[in-house]
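First the structure, in the form of structure tokens, and then the observations on it.
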Amino acid sequence: MSALQSRAPGGTAKLGHVVMIAGAAALGGFLFGYDTSVINGGVDAIQEHFGVGSAMTGLTVSSALLGSAVGAGIAGGLADRIGRIRVMQLAAVLFIISAIGSAVPFAIWDLAIWRVVGGVAIGIASVIAPAYIAEVAPAEYRGRLASLQQLAIVLGIAVSQLVNYALAAFAGGSASGMLGPIQAWQWMLGVAAIPAVVYLVVASAIPESPRYLVAAGKVDRARDVLNKIEPGDVDAKITEIKDALGGEQKPKLSDLRGKFGVLPIVWVGMAIAALQQFVGINVIFYYSSSLWHSVGINEESSLLLSLFTSIVNIIGTFVAIALVDKIGRKPLLVIGSVGMTVSLAVTGWAFSFAQVVGEDAILPAQWGVVALISASAFVLFFAASWGVVMWVLLGEMFPARIRAAALALGTATNWIANWLVTVSFPSMRDWNLPVTYFIYAAFAALSVVFVVKYLKETNGRSLEEMGS
């Protein structure tokens with residue numbers, strides 16, 4: 001905090017205010033994590049309840065991801081037209097509707113529709129939170145404050161696992177058990193309405209982004225907000241924002257066009273977004289209970305292992321928060337990629353010792369321990385690097401004139417990659433589980449090369465300097 005204190009009186013108070021509003025915006029990340037992960041505990045119960053096959057179940061689970069791609073794609077334009085706060089409120093309302101609808105579906109396709117609605121909310125939240133946080137955060141603290149988004153995501157994942165475990169326990173140890181008039185898995189999905197209401201309330205209480213206000217011609221309101229969050233000469237900051245925005249012109253998707261379809265910086269952002277998913281991180285959360293159940297662990301214990309994985313994820317996120325502004329984005333990504341490559345390769349090797357009997361695969365005890373340790377190491381390395389840094393980069397790496405549109409495109413790419421991995425994993429797992437992990441390890445190795453060759457360091461630069 002000393003840097004802020006030396007720049008302006010009241011710097012500590014202003015930083016505290018920024019931390020509070022950034023934390024409030026990051027609540028969308030909590031719902032993002034909760035809603036994407038909560039269905040993990042009910043996959044088998046949903047399949048049994050509706051009497052459908054694994055393909056239809058996988059499509060239902062992954063349907064939220066298609067909605068997320070749509071939500072991410074429209075969020076940037078909406079944010080530029082109606083403001084960051086209104087978009088957060090819209091996401092909160094969609095989260096509430098989706099939670100209620102998902103809790104009482106009358107058919108598998110009905111559940112899929114409500115999952116798509118929730119996915120749109122997730123996609124919107126995944127764009128708007130990092131954009132908003134990056135726009136209100138001082139440059140020297142932007143990495144750590146933007147990391148609140150990922151911290152909220154992993155906390156949402158952990159809470160969903162805890163809620164799933166508790167509800168299944170109350171229902172007799174199974175997500176198919178009855179709790180009152182409905183089954184435990186329905187409560188799992190419906191409980192998401194509670195944090196969604198909280199998100200709606202807090203999103204309505206925080207100030208609009210000063211960069212949006214300047215772009216919208218509301219300079220006086222922008223000046224009031226900047227006086228509360230930005231140390232130094234506010235008028236000079238407004239002039240800097242105007243210059244970076246290219247005057248009063250509003251950003252358009254067409255601004256992203258370049259020689260090879262889109263601008264080179266946009267390609268880099270899209271590649272970073274895709275590589276974050278192609279290492280296979282989300283199959284740990286979407287299918288972890290089913291995966292461990294398939295190697296001989298009962299349903300109740302597999303839910304506990306999912307919670308354990310989430311705790312490892314939280315620990316790794318705190319490591320990233322501590323390091324992202326100290327050692328920079330690129331070194332953290334490289335370290336994480338190397339660690340993920342090794343741990344994924346070891347996980348694949350461990351699963352090569354599984355004995356397949358019918359539809360079940362059982363690991364010898366010693367290799368089960370190796371798989372658990374290596375998979376946990378993979379989650380730790382991911383959380384301490386790519387889990388946080390990808391969101392930080394997408395929120396800050398683009399020039400101001402195209403930031404909202406480029407962030408939306410990058411985030412949509414992330415969700416499409418997420419969907420591809422999620423929908424393909426069950427078939428790949430049934431085909432050859434060890435090779436599946438080796439493929440993810442190959443993408444982790446590829447990410448090392450890409451980061452070293454193409455990514456520019458953004459640490460310590462103001463948002464108005466990006467693109468220069």
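All residue numbers refer to positions in the sequence shown, counting from 1. It should be emphasised that the depicted structure is a prediction, and the values quoted were computed from it without experimental measurement.
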Please report the closest heavy-atom contact between [X] and [Y], naming both atoms and the distance.
X	Y	result
Gly73	Ala412	N-CB, 4.1 Å
Phe398	Ile265	CE2-O, 3.5 Å
Ala175	Gly42	CB-CA, 4.3 Å

Note to self: Whether Lys218 and Glu208 form a salt bridge (side-chain N of Lys/Arg under 4.0 Å from carboxylate O of Asp/Glu) is what I want to check.
What the structure shows: no

Next item on the list: Could you tell me whether Arg223 and Asp220 make a salt bridge, using a distance below 4.0 angstrom between a side-chain N and a carboxylate O?
Entry: yes

Test your reading of the model: is there a side-chain donor-acceptor pair from [X] to the backbone of [Y], 3.5 Å cut-off?
X	Y	value
Arg86	Ala79	no
Lys330	Leu455	yes
Asp325	Arg144	yes
Ser343	Met340	yes
Asn164	Val38	yes
Ser98	Gly118	yes
Ser102	Ala99	no
Ser68	Gly119	yes
Asp110	Phe106	yes

Margin query: We want to know whether Ser160 and Ser37 form a side-chain donor-acceptor pair, criterion being a heavy-atom distance below 3.5 angstrom.
Written below: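 Side-chain D/A pair, Ser160 to Ser37: present.
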
Which word best sums up how the rings of [X] and [Y] line up, parallel for under 30°, tilted for 30 to 60°, or perpendicular for over 60°?
X	Y	value
Phe378	Phe382	tilted
Phe278	Phe443	tilted
Tyr34	Phe30	parallel

Within a strict 4.5 Å, meaning less than it, do heavy atoms of the [X] and [Y] side chains meet?
X	Y	value
Ile46	Ile108	yes
Trp391	Thr411	yes
Gln186	Pro105	yes
Thr341	Val279	no
Val451	Trp386	yes
Val392	Ser147	yes
Thr36	Trp415	yes
Tyr132	Val136	yes

Next item on the list: Check whether more than 12 heavy atoms from other residues, nucleotides or ligands sit under 6.0 Å from atom CZ of Phe438, and answer yes or no.
Entry: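 Yes.
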
Note to self: Can you confirm whether Met428 is buried at CE, in the sense that more than 12 heavy atoms of other residues, nucleotides or ligands lie under 6.0 Å from that atom?
What the structure shows: yes

